[in-house]
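Okay, so here's the structure we're looking at.
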Amino acid sequence: MTIRLYDTSARQIRDFTPLTPGCVSIYLCGATVQAAPHIGHIRSGLNFDIMRRWFEYRGYDVTFVRNVTDIDDKIIAKSEEQGRPWWSIGYENEVAFNTAYDSLGCLRPTCEPRATGHIPEMIEMMRGLIERGHAYAADGNVYFDVRSFPGYLQLSNQELDNLRQPSGEGETGKRDPRDFAMWKAAKEGEPSWETPWGRGRPGWHLECSAMAHKYLGSAFDIHGGGVDLVFPHHENEIAQAKAFGDDFAAYWAHNAWVTMSGEKMSKSLGNSVLVSEMVRRWRPIVLRYYLGTPHYRSMIEYSEDALREAESAFARIEGFVQRVVEKAGVVEPAPEVPLAFAEAMDDDLGVPQALAIVHTTVRQGNAALTADDKESAVARLAELRAMLGVLGLDPLDERWAGGGTDRGEDLHGVVDSLVRLVLEQRQAARSRKDYATADAIRDQLQQSGLSIEDTPSGPRWSLS
């Protein structure tokens with residue numbers, strides 16, 4: 001048994017060999033808490049939750065660190081815009097992120113450090129880098145000298161001479177425009193901390209290098225995050241950490257985006273879909289299925305139709321589970337997943353291939369039920385529960401079967417399916433120009449407390 005992962009730094013799939021036998025250390029770039037999370041943010045948490053679950057299934061002791069960036073330019077801008085303290089905005093959205101992770105069944109991290117809680121560690125790292133000639137102070141800022149580190153840009157495979165480094169307001173005194181800020185000089189009205197180089201606040205990249213060093217040491221196994229973080233964030237993390245003397249991450253894993261109309265889902269584009277809204281319209285377990293079952297390195301193009309397909313696919317799984325439970329009672333998960341499922345997951349977390357085994361098992365189980373072969377149906381359900389448990393999608397797990405799940409959300413999904421069926425009947429009546437029947441169906445739904453809206457993409461319902 002060997003788990004293989006695509007390593008961004010090597011640009012190929014590699015056999016995974018842990019630094020410490022039997023243990024896996026993972027650092028995931030978590031939320032920047034300037035606003036509530038959309039499903040693009042949460043996809044990263046889901047993908048690495050599945051990675052963590054698979055390592056644990058394979059017998060590894062996993063240390064999983066996911067940070068919170070609670071101070072940066074965007075949070076300060078929101079503070080000025082809303083007239084609220086920066087820490088209030090950060091904490092409110094940190095709670096929103098954790099609520100979203102919990103609602104979609106993500107396991108809590110081993111540790112979830114905040115950037116503002118690690119200023120001493122950042123100062124120590126800057127001091128070491130300045131002493132080693134890799135950083136310098138200027139005008140109250142501290143910059144990393146990119147030319148001092150020969151390995152710079154190897155992760156993103158860029159040429160230094162062609163680099164256009166993002167630069168923020170007030171970043172004065174640079175020796176080279178490509179140098180990046182580790183510490184930013186204080187501005188009036190902004191939060192700041194005292195350092196040997198003057199008051200200021202941390203740069204985004206420094207935060208993660210310092211926190212990874214504190215909680216995982218000078219070397220750890222896997223660093224994860226969205227593919228959009230490869231440059232500049234992860235590239236700059238590597239430069240700081242390795243110039244400081246750390247070996248840093250042995251493997252780099254990056255998940256792809258959730259897109260809308262071909263563009264990355266983001267707040268700035270105004271095309272985000274907030275998790276808090278999505279879980280009111282879709283059962284959280286269905287949303288997890290939708291976001292977690294494509295391959296983590298594949299883009300997901302968001303659409304209502306795709307979510308309905310995910311809902312139907314998961315309903316087939318739940319239907320089989322329910323029929324076996326009604327016939328034989330609750331069946332415990334098998335001690336091992338089927339070999340084909342394990343081979344798919346070992347191969348760079350091949351969830352789509354593993355999911356094909358899930359649906360094959362459901363079909364086999366349904367055939368056994370049709371043949372009144374209770375023993376085979378029970379065996380298939382045991383295998384199914386083992387596989388779904390790894391994916392965080394077991395409908396009989398306490399998390400989804402009642403242990404902390406909001407049953408109102410589950411009921412909404414059931415009602416939604418029933419209303420759609422009635423709306424299909426109404427649409428069929430309209431298609432054959434039987435408007436009397438169509439109007440009667442609409443009136444009945446309205447009498448039941450539902451409001452029906454006809455839109456270009458089809459009818460929608462809501463509570464009156």
Side-chain angles (χ1 to χ4, degrees), residues 46 49-50 53-54 56-58 103-107 279 282-293 307-345 350-422 424-425:
L46 273 173
D49 182 64
I50 292 172
R53 288 170 183 265
W54 184 244
E56 289 179 345
Y57 171 81
R58 281 305 199 189
S103 70
L104 298 189
C106 292
L107 302 173
V279 296
W282 303 90
R283 295 170 59 208
I285 196 169
V286 169
L287 195 55
R288 181 181 176 101
Y289 183 98
Y290 169 69
L291 293 172
T293 53
L307 263 163
R308 291 191 189 100
E309 290 173 8
E311 183 180 50
S312 297
F314 192 71
R316 290 193 292 273
I317 294 172
E318 284 186 305
F320 167 65
V321 172
Q322 183 178 359
R323 286 190 291 275
V324 178
V325 170
E326 288 172 353
K327 194 176 188 70
V330 175
V331 177
E332 291 301 311
E336 296 183 356
V337 299
L339 178 60
F341 181 95
E343 289 175 344
M345 293 298 291
V351 175
Q353 294 77 16
L355 196 64
I357 309 304
V358 167
H359 285 288
T360 296
T361 302
V362 169
R363 288 193 294 272
Q364 292 171 344
N366 281 327
L369 286 173
T370 300
D372 201 25
D373 184 351
K374 178 180 173 180
E375 184 177 349
S376 293
V378 167
R380 298 293 80 74
L381 178 54
E383 292 173 347
L384 181 66
R385 288 200 66 193
M387 293 185 284
L388 294 177
V390 166
L391 301 175
L393 289 168
D394 181 3
L396 297 181
D397 185 275
E398 182 181 334
R399 173 64 187 81
W400 305 114
T405 300
D406 185 343
R407 303 309 293 172
E409 292 170 347
D410 286 352
L411 183 58
H412 184 282
V414 174
V415 172
D416 186 54
S417 298
L418 293 173
V419 172
R420 283 183 190 162
L421 179 61
V422 176
E424 287 173 6
Q425 294 172 346

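Heavy atoms only: backbone and side chains are in, while hydrogens, waters and symmetry mates are out. Here the structure is a predicted model, which means the values were calculated and not measured.
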Any salt bridge (charged side-chain N to carboxylate O under 4.0 Å, His left out) pairs touching residues 319-330, not counting sequence neighbours? Lys327-Asp372
Does Thr360 have any side chain to side chain contact (heavy atoms under 4.5 Å, CB included) partners at least two apart in sequence or in another chain, and if so, which? Arg363, Gln364
Give me each pair satisfying ring pair (Phe, Tyr, Trp, His ring centres under 6.0 Å) with a member in residues 307-339, each pair once, sequence neighbours excluded. Tyr289-Phe314
So Arg288 and Trp400, side chain to side chain contact (heavy atoms under 4.5 Å, CB included) or not? Walk me through it. CA-CA 11 Å; Arg288 181 181 176 101; Trp400 305 114; 4.0 Å; yes
To the nearest 0.5 Å, what is the distance between CG on Leu355 and CE on Met345? 10.5 Å
With sequence neighbours excluded, what pairs up with Arg58 under the side chain to side chain contact (heavy atoms under 4.5 Å, CB included) test? Met1, Ile3, Trp54, Tyr60, Ala342, Asp346
Interatomic spacing from CG in Leu388 to CG in Leu396 - rounded to 0.5 Å: 9.0 Å
Compile the donor-acceptor pairs under 3.5 Å between side chains in residues 331-339 and protein atoms, sequence neighbours left out, one pair per line.
none

The side chain to side chain contact (heavy atoms under 4.5 Å, CB included) partners of Gln353 (sequence neighbours excluded) come to Ala344
Using the test salt bridge (charged side-chain N to carboxylate O under 4.0 Å, His left out), find all partners of Lys374 that sit at least two apart in sequence or belong to another chain. none
For Val286 versus Ala310, what's the shortest heavy-atom pair and its separation? CG1-C, 4.4 Å
Would you compute the distance between atom OG of Ser103 and atom CZ of Arg399 and round it to the nearest 0.5 angstrom? 7.0 Å
Can you see which heavy atom on Ala340 is nearest to which on Ile357, and at what distance? CB-CD1, 3.8 Å
Apply side chain to side chain contact (heavy atoms under 4.5 Å, CB included) to residues Ile317 and His359 and explain how you reach the verdict. CA-CA 7 Å; Ile317 294 172; His359 285 288; 3.8 Å; yes
So do Trp282 and Arg308 actually touch side chain to side chain, heavy atoms under 4.5 Å? yes
Do you know which two heavy atoms are closest between Leu369 and Ala377, and how far apart they sit? CD2-CB, 3.7 Å
Pro395 and Val321 have their tightest heavy-atom pair at CG-CG2, 4.1 Å
Run the side chain to side chain contact (heavy atoms under 4.5 Å, CB included) test on Thr293 and Leu393 for me, step by step, so that the C-alpha distance in whole Å, both residues' side-chain angles and the decisive distance to 0.1 Å come before the verdict. CA-CA 10 Å; Thr293 53; Leu393 289 168; 4.2 Å; yes
Which pair of heavy atoms, one from Val351 and one from Gly292, lies closest together, and at what distance? CG1-O, 3.8 Å
Roughly how far, to the nearest 0.5 Å, is the CD1 atom of Ile50 from the CG atom of Leu291? 9.5 Å
Show the numbers, then the answer: is there a side chain to side chain contact (heavy atoms under 4.5 Å, CB included) between Asn366 and Arg316? CA-CA 10 Å; Asn366 281 327; Arg316 290 193 292 273; over 6 Å; no
Minimum heavy-atom separation for Gly105 to Asp49, with atom names? O-OD2, 3.8 Å
Quick one: are Thr361 and Phe341 in side-chain contact, heavy atoms under 4.5 Å? no
side-chain hydrogen bond (donor to acceptor under 3.5 Å, both in side chains): pairs with one or both residues in residues 376-387, sequence neighbours excluded: Asp373-Ser376, Arg380-Glu383, Arg385-Asp394
